Amino acid sequence: MPLLGQMITLGIETSCDETAVALVEDGRVLSSEVSSSVHLHARYGGVVPEIASRFHVEYIYSVLEEALKDARRTIDDVDCVAVTRGPGLPGSLLTGMAFAKAISFAGKIPLVGVNHLHAHILSCFLDEGGRGAPGDMFPFIGMVVSGGHTSIYVCRGLNDLSVIGRTKDDAVGEAFDKVAKILDLGYPGGPVVEKRAARFTGAGGIRFPRALLKDEKDLDFSFSGIKTAVFYYWRDCARTEYEKDRICFSFQEAVIDVIDKKIARALRFTGARILAAGGGVINNEALRRRLASRCAEEGVELYLPRREYCADNAAMIAALGEGLFKMGEEADLFMNAMPGGF
Ligand code: KG4
Ligand code: ZN
């Protein structure tokens with residue numbers, strides 16, 4: 001057992017299509033390896049669970065080897081194993097959980113189960129990207145904007161995060177992916193839609209719907225309507241490259257408007273002075289800028305992850321796992337995966 005405050009945590013993340021392993025030492029990232037199967041899913045326009053699971057099974061050991069090599073450590077240096085327990089795809093989660101349990105059992109190393117969404121929020125404080133550990137920053141408002149989730153949280157501690165708003169249908173990343181599919185722009189949709197949006201410089205965007213804004217108290221989201229609006233607009237318009245850029249710009253603006261307004265509400269309702277937002281969609285520069293100006297206007301401090309920690313990674317799992325372990329959390333080998341979240 002290491003002295004508390006001096007430990008190395010191995011993080012394992014396999015909830016979706018990224019096989020990731022990282023080593024973190026007292027909140028500092030020693031290595032963070034990610035091997036993605038995204039290229040194998042591209043032709044299907046979305047993640048195929050069976051392909052994702054097979055990829056994890058094939059690559060997890062080599063990703064671990066790389067992470068140890070990068071950190072110049074061996075498995076004997078590891079004091080704690082942190083693994084994503086959920087939410088995620090069942091087969092994918094099981095691969096990482098079985099691997100983590102085997103390492104824990106063989107090396108008699110403590111095991112901790114980590115909530116993937118909480119880790120996305122706390123990725124804001126990782127490494128030099130964050131300005132230190134969350135520590136005494138609690139309570140604050142957290143947000144996850146990813147391919148599978150769009151939720152707002154009140155964060156009172158590492159093990160005390162409650163949802164105060166969530167999407168009723170599609171997640172934001174999913175909406176980006178579907179719009180890209182409608183426009184035949186490939187998968188994943190987020191980066192290409194952002195690039196197309198940036199090409200649209202002229203005035204005269206399309207007014208796509210912004211859902212659930214009427215009730216001032218509503219913190220939930222809905223993005224299925226805008227996806228349908230894009231579908232019909234594209235079906236009926238002159239199908240030019242210019243129109244594609246215009247749609248991407250207008251769609252992105254509408255989505256960012258909604259996120260901005262809901263975040264403003266959450267900050268005002270709770271009186272929080274800090275916002276931490278993570279997840280793959282936080283890669284989006286226009287969204288980062290809008291959150292920055294909103295926080296400046298509200299006098300709120302904004303924390304966003306470094307780009308390498310926006311998408312799925314194991315550094316965020318290791319860092320949160322380490323924090324939870326230091327608070328006394330420990331799982332046993334009977335810990336089950338929680339695909340629906342917990
Ligand atoms: O967090 P993440 O890697 O995986 C999940 O846990 O879901 O997020 C992936 C999602 C995809 O839907 C992808 O299209 C979106 O993040 N994304 C973006 C951008 N980069 C990735 N969405 C908007 N703009 C981007 N630049
Ligand atoms: Zn994720």
Side-chain angles (χ1 to χ4, degrees), residues 8-39 41 47 52 55-56 59-71 73 78 80-89 92-93 95-97 99-100 103 112-130 133-134 142-149 158 161 171 173 188 190-191 276-284 288 303-325 341:
I8 292 182
T9 301
L10 174 72
I12 295 172
E13 154 63 38
T14 62
S15 65
C16 191
D17 57 341
E18 268 87 30
T19 312
V21 179
L23 268 88
V24 162
E25 183 172 30
D26 297 328
R28 194 169 58 90
V29 181
L30 300 179
S31 65
S32 177
E33 282 298 318
V34 182
S35 187
S36 177
S37 60
V38 66
H39 58 288
H41 306 287
V47 175
F55 188 89
H56 294 310
Y59 290 99
I60 189 137
Y61 185 70
S62 52
V63 176
L64 168 70
E65 281 187 313
E66 279 302 308
L68 288 169
K69 201 168 88 190
D70 267 15
R73 298 293 200 285
V78 173
C80 175
V81 180
V83 62
T84 303
R85 194 179 173 199
L89 302 169
S92 288
L93 287 170
T95 311
M97 297 258 307
F99 195 65
I103 294 171
V112 180
V114 173
N115 182 307
H116 179 85
L117 302 176
H118 299 178
H120 266 307
I121 293 172
L122 293 154
S123 70
C124 295
F125 304 99
L126 266 181
D127 221 5
E128 314 91 71
M143 184 172 201
V144 182
V145 212
S146 72
H149 297 86
L158 290 183
L161 292 89
V281 183
I282 294 294
N283 269 306
N284 188 290
R288 291 175 86 98
Y303 287 81
L304 299 175
R306 270 167 53 169
R307 303 235 176 234
E308 63 195 288
Y309 302 132
C310 286
D312 289 349
N313 66 87
M316 65 182 192
I317 304 300
L320 177 52
E322 181 186 87
L324 293 171
F325 180 68

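As the structure is a computational prediction, the values presented were derived from the model and not from experiment.
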Mind listing the closest non-hydrogen atom pair of Ala100 and Val81 along with its distance?
CB-CG1, 3.8 Å
Assess the residue pair His118 and Val144 against the criterion (side-chain contact (heavy atoms from CB on, under 4.5 Å)); give the C-alpha distance rounded to whole Å, side-chain angles, the decisive distance to 0.1 Å, and a yes or no.
CA-CA 8 Å; His118 299 178; Val144 182; over 6 Å; no
Is the backbone of Ala67 close enough, under 3.5 Å, to the side chain of Ser31 for a donor and an acceptor to pair up by distance?
yes
Looking at every non-hydrogen atom in both residues, tell me the closest pair between Cys16 and Leu89 and how far apart they are.
CA-CD1, 4.1 Å
Any residue meeting ring pair (Phe, Tyr, Trp, His ring centres under 6.0 Å) with His56, in chain and number order, not counting sequence neighbours:
none
Which is it for Val21 and Glu66 under the side-chain contact (heavy atoms from CB on, under 4.5 Å) test, yes or no, and what are the steps along the way?
CA-CA 9 Å; Val21 179; Glu66 279 302 308; over 6 Å; no
When rounded to the nearest 0.5 angstrom, what distance separates CD1 in Ile317 from NE2 in His116?
6.5 Å
Ser37 side chain to Ala52 main-chain N or O, any donor-acceptor pair under 3.5 Å?
no
Could you tell me which non-hydrogen atom of Thr19 sits nearest to which non-hydrogen atom of Tyr59, and how far apart they are?
CG2-C, 4.3 Å
Is the closest side-chain heavy-atom distance between Pro87 and His149 below 4.5 Å?
yes
Only counting residues at least two apart or in another chain, list the ones meeting salt bridge (Lys or Arg N to Asp or Glu O under 4.0 Å) with Glu322.
Lys326
Donor-acceptor contact present, side-chain Thr14 to main-chain Ser92, <3.5 Å:
yes
Separation between CE (Met97) and CZ (Arg85), nearest 0.5 Å, reads 6.5 Å
Partner of Leu23 under side-chain contact (heavy atoms from CB on, under 4.5 Å), picked from Thr9, Asp70, Leu10, Val29, is Leu10
Yes or no on side-chain contact (heavy atoms from CB on, under 4.5 Å) for Ile103 and Ile12, after CA distance, side-chain angles and deciding distance?
CA-CA 11 Å; Ile103 294 171; Ile12 295 172; 4.2 Å; yes
When rounded to the nearest 0.5 angstrom, what is the spacing between CG in Leu320 and OG1 in Thr84?
9.5 Å
Note: Ala171 and Gly148 closest approach over all heavy atoms is CB-C, 3.5 Å
Would you indicate whether the side-chain heavy atoms of Asn283 and Pro191 approach each other to under 4.5 Å?
no
Between Tyr309 and Leu126, which heavy-atom pair has the shortest distance, and what is it?
CG-CD1, 3.7 Å
Atom of Leu324, atom of Gly113 and distance for their closest heavy-atom approach:
CD1-O, 4.3 Å
Atom pair CZ/OG of Arg306 and Ser32 - distance to nearest 0.5 Å
9.5 Å
Ile121 side, atom CD1; Leu158 side, atom CG - distance, nearest 0.5 Å:
11.5 Å
Ile282 backbone acceptor or donor facing Arg288 side chain under 3.5 Å:
yes
Parallel under 30°, tilted from 30 to 60°, perpendicular over 60°: which one fits the rings of Phe55 and His39?
perpendicular
Supply the atom-to-atom distance Asp17 CG to His41 NE2, rounded to the nearest 0.5 angstrom.
4.5 Å
